[in-house]
Amino acid sequence: MGQTGMEPWMVFALSSTFVTGSGQFMICNLWLAGVPAASIVASVAAISSRFALYSASIAPHLAGASKRQTLAVAATLTEEAYGISLAKLVEGEDWGPRESFVLNVILIATWGVSCTTGAIVGAVVDVPTAIASFVCTSLFICLLFSQRLSRGNVVAAVSGAVSVAVCKFLGLMNITVPASVVVGIAIALACDAVFDGRGARDAR
C-alpha cells in the first residue's frame, strides 16, 4: 500500500474499513500493474463474495440476536474472526453476538495498526515489489493446500490455472482474475454434478 503512494493514514483507513486482507493485496498489486479500476473492482468483488457464505453459515447460530446485533457482526466479520466465532458457537460455548462483535473489532484494529506500521517501515526499508507481491499468491497457495483434497477442489484449481494461462496468452490481462475464478468454480460445480448424478444412477 505504501508503494502505491498511500500515506500511513490512508493505509490505516483502508485496512480498518476493508475487512478482506487478500482483497487489499489484490488492489495494490493490480494497481501497480496498471490494471483499469473497473477490472480491479470486479476482481476484488469476485474473491470477496465468499463473505456472503460466511455470513449465511453463521446466521443460524445468531438467530436469537437482534437485527442491530447481527448487522454489527456481519459488517465487521473477518475470515479469522469467522473461524473462531463459528467454532465457539457450534461447540455451544458461552459465546454470542456481543463476543463476536468485540472479537471482530479487536482483529480489525490489530490489522489496521499492523498494516500502518508496515507502510511506515516499508518507507524506510526497501522491500522489492516482486517479493511483496508474492505474499498474496503464497496466501492462496497455503489456503489451497489446507483444503480437503477432493475432486471438486482439484478441478477448480487446475481449470482456474489453465484459464489464467489462456487469458494471458490471448492478451486478456484485464479479465484474467475474475475469469479464472468464474471458470474454475463453474467447471468444478459441473464436474461434481455429473459425477454425483452418475453415482446416484449407479446406486439405483
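Being a predicted model, the structure only gives us computed values, none of them experimental.
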Find out if a path of hydrophobic residues (ILVMFWY) with successive side-chain heavy-atom gaps under 4.5 Å connects Ile58 to Ile106.
-> no
Taking side chain as C-beta onward, heavy atoms only, is Ser43 less than 4.5 Å from Leu30?
-> yes
SG of Cys28 to CE of Met6, rounded to nearest 0.5 Å, is 5.0 Å
Where do Leu77 and Ser55 land on the side-chain contact (heavy atoms from CB on, under 4.5 Å) test, with the steps shown first?
-> CA-CA 8 Å; Leu77 190 64; Ser55 297; 4.0 Å; yes
How many angstroms lie between CD1 in Ile108 and CG in Leu103, if you round to the nearest 0.5 Å?
-> 9.5 Å
Of Thr116, Thr110, Thr117, the residue whose pairing with Ser114 passes side-chain contact (heavy atoms from CB on, under 4.5 Å) = Thr110
Scan for ring-ring contact (aromatic ring centres under 6.0 Å, His included) pairs involving residues 71-112, sequence neighbours excluded, and state none if there are none.
-> Tyr54-Tyr82
Do you know which two heavy atoms are closest between Met26 and Val44, and how far apart they sit?
-> SD-N, 3.9 Å
Separation between OG of Ser100 and CG of Leu89, rounded to the nearest 0.5 Å = 5.0 Å
Can you find a heavy atom in the side chain of Gln24 that is under 4.5 Å from one in the side chain of Cys115?
-> yes
Are Val164 and Phe169 co-members of a hydrophobic cluster defined by side-chain heavy atoms under 4.5 Å apart?
-> no
Heavy atoms of Ser15 and Gly112 approach each other most closely as CB-CA, 3.7 Å
Considering non-hydrogen atoms only, spot the tightest contact between Asn104 and Val73 and give its length.
-> ND2-O, 3.2 Å
Might you work through the side-chain contact (heavy atoms from CB on, under 4.5 Å) test for Val11 and Ile120, ending with a clear yes or no?
-> CA-CA 10 Å; Val11 174; Ile120 295 173; over 6 Å; no
Is there a path of hydrophobic side-chain contacts, each under 4.5 Å between heavy atoms of I, L, V, M, F, W or Y residues, that connects Leu14 with Trp9?
-> yes
Under the 3.5 angstrom rule, does the side chain of Ser49 hit a backbone N or O of Ala46 as a donor-acceptor pair?
-> yes
Is there a chain of hydrophobic side chains (I, L, V, M, F, W, Y, each step under 4.5 Å between heavy atoms) that links Val158 to Val166?
-> yes
Are Leu170 and Val162 linked, directly or through other ILVMFWY residues, by side chains that come within less than 4.5 angstrom of each other?
-> yes
Is Ser39 reaching over with its side chain to a backbone N or O of Val35, donor-acceptor style, under 3.5 angstrom?
-> no
Is there a donor-acceptor pair under 3.5 Å between the side chain of Gln69 and the backbone N or O of Arg98?
-> no
All heavy atoms of Ser180 vs all of Gly160, minimum pair found to be CB-O, 3.5 Å
